[in-house]
Structures are given as C-alpha cells and as structure tokens.
Amino acid sequence: MTKPPLPPEALTKLQAFLRAANTTVWHEADWQRFYAFIRACHTTAAPCTAGELVHLLEEKGFTKQDALEAASVYYHGRALLQRYD
C-alpha cells in the first residue's frame, strides 16, 4: 500500500503525534495530538483513508488492534466534522 499524500499541515500534525505517542497506552496529550491530526486532515481535505492510516501506524510500531482502533476514531472524527461543515 502506498502512503497517502498528506498536505503539509496534516503531515506536520501526524509527525508530531508519531514522535510523542505512547504506542501501547495513549495519554491525554497523545489524544490531543491525534485529534489535531484529524482536524488538519479535515481542513486540508487530506485524501488519507482509515485503511491507509492503519498501515502508517503499523509501520510506526502500533499493533494491528491499536492501529485499527485509532483508524476508527479517525474515520468517525472526519465524518463528524464533515457532517457539521
């Protein structure tokens, strides 16, 4: 699977999340960085799908289960933001 082309703002937020995230137990700050990534993807109309995000997270050391759960939050977060645009 190829990596999604993320706009600079979304890529910066993803990198900030990945640099600091605890890959086993997310803390409040991890969630806040992840939510910032979701918002950046929404505002820049990033073409990243939940499936692509799973792949990216697994590459960075997240378990399949944790990556799937994060991708579900990502998918629902983007859907919610889209609904209220």
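All values below come from the heavy atoms of this structure, side chains included, with hydrogens, waters and symmetry mates left out.
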query = Which heavy atom of Leu53 sits nearest a heavy atom of Ala71, and at what distance?
reply = CD2-CA, 4.1 Å
key: Separation of Arg78 CZ from Arg39 CZ (nearest 0.5 Å)   = 13.0 Å
remark   = The remaining residues in the hydrophobic cluster of Val25, counting side-chain heavy-atom contacts under 4.5 Å among Ile, Leu, Val, Met, Phe, Trp and Tyr, are none
message = With rounding to the nearest 0.5 angstrom, report the NE2 to CZ distance, His76 to Arg83.
response = 13.5 Å
note = Rounded to the nearest 0.5 Å, the CH2 atom of Trp31 sits from the CZ atom of Phe17 at a distance of 7.5 Å
message = For a quick test of reading the model, state the closest non-hydrogen atom pair linking Ala10 to Ala46 and the distance between them.
response = CB-CB, 4.5 Å
request  = Of all the heavy-atom pairs spanning Arg33 and Ala16, show the shortest one and how long it is.
outcome  = CD-O, 3.6 Å
ask   = Does some side-chain heavy atom of Leu56 sit less than 4.5 Å from a side-chain heavy atom of Phe62?
value = no
message = Please check: side-chain N/O of Thr12 versus main-chain N/O of Pro8, any donor-acceptor pairing under 3.5 Å?
response = yes
inquiry  = With a 4.5 Å cut-off on side-chain heavy atoms, are Asp85 and His42 touching?
reply    = yes
message = Measuring only between side-chain heavy atoms, which start at C-beta, is Ile38 closer than 4.5 Å to Val73?
response = yes
key: Spatial distance of atom CG (Leu6) from atom OG1 (Thr44) [nearest 0.5 Å]   = 7.5 Å
inquiry  = Please enumerate all residues that pass ring pair (Phe, Tyr, Trp, His ring centres under 6.0 Å) together with Tyr75, with sequence neighbours excluded.
reply    = none
inquiry  = With clusters defined by side-chain heavy atoms of hydrophobic residues (ILVMFWY) lying less than 4.5 Å apart, directly or transitively, does Leu80 cluster with Tyr74?
reply    = no
query = So do Leu18 and Leu57 actually touch side chain to side chain, heavy atoms under 4.5 Å?
reply = yes
key: Rounded distance (nearest 0.5 Å) linking atom OG1 of Thr49 with atom NE2 of His55   = 11.0 Å
ask   = Going only through I, L, V, M, F, W and Y residues with side-chain contacts under 4.5 Å, is there a path from Trp26 to Leu68?
value = no
message = Less than 4.5 Å apart, side chain to side chain, heavy atoms only: is that true for Lys64 and Val54?
response = yes
ask   = To the nearest 0.5 Å, how far apart are NZ in Lys13 and CD in Glu9?
value = 6.5 Å
query = Can you tell if the side chain of His27 reaches within under 4.5 Å of the side chain of Asn22, non-hydrogen atoms only?
reply = yes
